[in-house]
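One structure below.
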2 protein chains.
Amino acid sequence: MALSHSILATLVGRGKPCSGYDLAKEFNSSVGFYWKTTHQQIYRELAKLESEKMLTSELIKQKDRPDKKVYCVTDEGRAHLIKWIAQPSEPSPIKEDMLVKMFVGFLVPKEMLIEELEQLKIIHEEKLRLFREYEKKFFSDVRSLPEKGKFRYLNLRSGISFESGHIKWCEEAIDFLKNEFE
Amino acid sequence: MALSHSILATLVGRGKPCSGYDLAKEFNSSVGFYWKTTHQQIYRELAKLESEKMLTSELIKQKDRPDKKVYCVTDEGRAHLIKWIAQPSEPSPIKEDMLVKMFVGFLVPKEMLIEELEQLKIIHEEKLRLFREYEKKFFSDVRSLPEKGKFRYLNLRSGISFESGHIKWCEEAIDFLKNEFE
DNA sequence: TTTATATATGCAACTAGTTGAATACTTCTG
DNA sequence: CAGAAGTATTCAACTAGTTGCATATATAAA
């Protein structure tokens, strides 16, 4: 598991001190495309990482809004992250509800499955549309990007490939359900 | 979440009483391609499902091997499963370690990432090879399959699409790391 | 004969992740 | 001026999932 690594990575990626609130927001946008979580878990994990000396925190007093605590990655945290990167990682399990449903698809009318597949397809198409928009907006000239940007581009490409694959499968399954059952 | 649904689905899919041991084996082969778990969790979940009247159990005495407990899905369990299928499901989050690593890829030498990507690619290629073998062996004449078989075919197609997509992305990323960094 | 492998189930302790609520302050909108 | 929305943190209780251990029998291999 690696929520802690994900948090360390996000902090390192940002390159500047962040509050739990900032991280929670990031986890609902850029990073969130591959890692969902809640703000509670982030706050808890931050406290844990600090107790393990992976992070240091500083309390920032603010006049116009509530005070906040910003976190910085320590050298130890950075080293820990690099050590983790160096270890080979396995692909993550899938746990896709739709596949479980398909497995026992004979329990329900085909129309029900088709409708669900169509809804799923719409969700993936929407994500794909968003990713393609990002690609056009921020990554149209890949070669001129700074190093960090190139890595983010690769992540975005993964998202695009992933969503496209899902859409294709939805289409295949819908077509199959419509035509290959007598 | 849906481990319980996954267990119910597997039992219904099998169509005959199963022991926890049988299910654990199934979860490491066919179902396991989209859902990994441990035998402990299965036994616990089975006990829970039984207490909720979704399953009934029967103790089978065996001479040649240890006694076992086999489970059957009740009408209530079946209805519960169908109700779950009828609810729309969201795509599952990704949580792919490699993407987190890529996000902070600038921390390590590119060669390290390339090697990891190559190893990942091999894993996905091996899975794809296996899936294609299944496809050839059991699904070469799709039209003549019984209904259950057709749904399994769709699941297998999802696996094939998924693995192919991963392989393509690995290739793209390796190529990019080799050629698009000055 | 010892060892490994397969069958078969379960407890205890842990880590990870979710849900719901509470608190508190500020700015913007009606 | 009331209420909604945004900023900011935390507690408590729960569900889900992992790791390690314990137990028991039978067969096949070394």
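This structure is a prediction, so every number in the text was calculated from the model and none was measured. By convention in this document, chain letters (A, B, ...) are assigned in the order of the sequence lines, proteins followed by strands, and residues within each chain are numbered from 1.
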TODO: Select one nucleotide: of D:dG17, D:dT19, D:dT10, the one nearest the side-chain heavy atoms of A:Tyr43.
DONE: D:dT10
Pairs of donor and acceptor atoms involving the side chains of residues 145-154 of chain B, under 3.5 Å and at least two apart or interchain, shall be tabulated with distances.
unit_1	atom_1	unit_2	atom_2	d
B:Glu147	OE2	A:Lys110	NZ	3.3
B:Lys148	NZ	B:Gly13	O	2.8
B:Lys150	NZ	A:Glu180	O	2.8
B:Arg152	NH2	B:Gly13	O	3.3

TODO: Rounded off to whole Å, could you give me the OH-to-P distance for the A:Tyr71 and D:dT10 pair?
DONE: 6 Å
Task: Donor + acceptor pair across side chains of B:Lys69, B:Ser19 (<3.5 Å) - done: no
TODO: Answer yes if the side chains of B:Ser57 and B:Glu50 hold a donor-acceptor pair under 3.5 Å, and no otherwise.
DONE: yes
Task: Whole angstrom value for the distance that separates P of D:dG6 from CG of A:Asp67 - done: 21 Å
Task: Phosphate OP1/OP2 of D:dA16 contacted by B:Gln41 side-chain N/O (<4.0 Å) - done: no
- [ ] Decide, yes or no, whether a salt bridge links B:Arg129 with B:Glu126 under the criterion of side-chain N to carboxylate O below 4.0 Å.
- [x] yes
TODO: Could you check A:Lys69 against B:Lys36 and say which one's nearest nucleotide on DNA chain D is further toward the 5' end?
DONE: A:Lys69
Open item on the list: Looking at C:dA6, I'd like to know if its phosphate oxygens (OP1 or OP2) sit under 4.0 Å from a side-chain N or O belonging to B:Lys25.
Closed with: no
- [ ] When you get a sec, tell me which of C:dC11, C:dT18, C:dA13 is the closest nucleotide to the side chain of A:Arg44?
- [x] C:dT18
- [ ] Starting from the 5' end of DNA chain C, give me the residue, A:Lys48 or B:Gly20, whose nearest nucleotide shows up first.
- [x] B:Gly20
Open item on the list: Tell me whether the side-chain N or O atoms of B:Gln40 pair up with the base of D:dG20 as donor and acceptor below 3.5 Å, since no angle test is needed here.
Closed with: yes
Task: Spacing between B:Tyr21 atom OH and C:dA8 atom C1', to the nearest angstrom - done: 7 Å
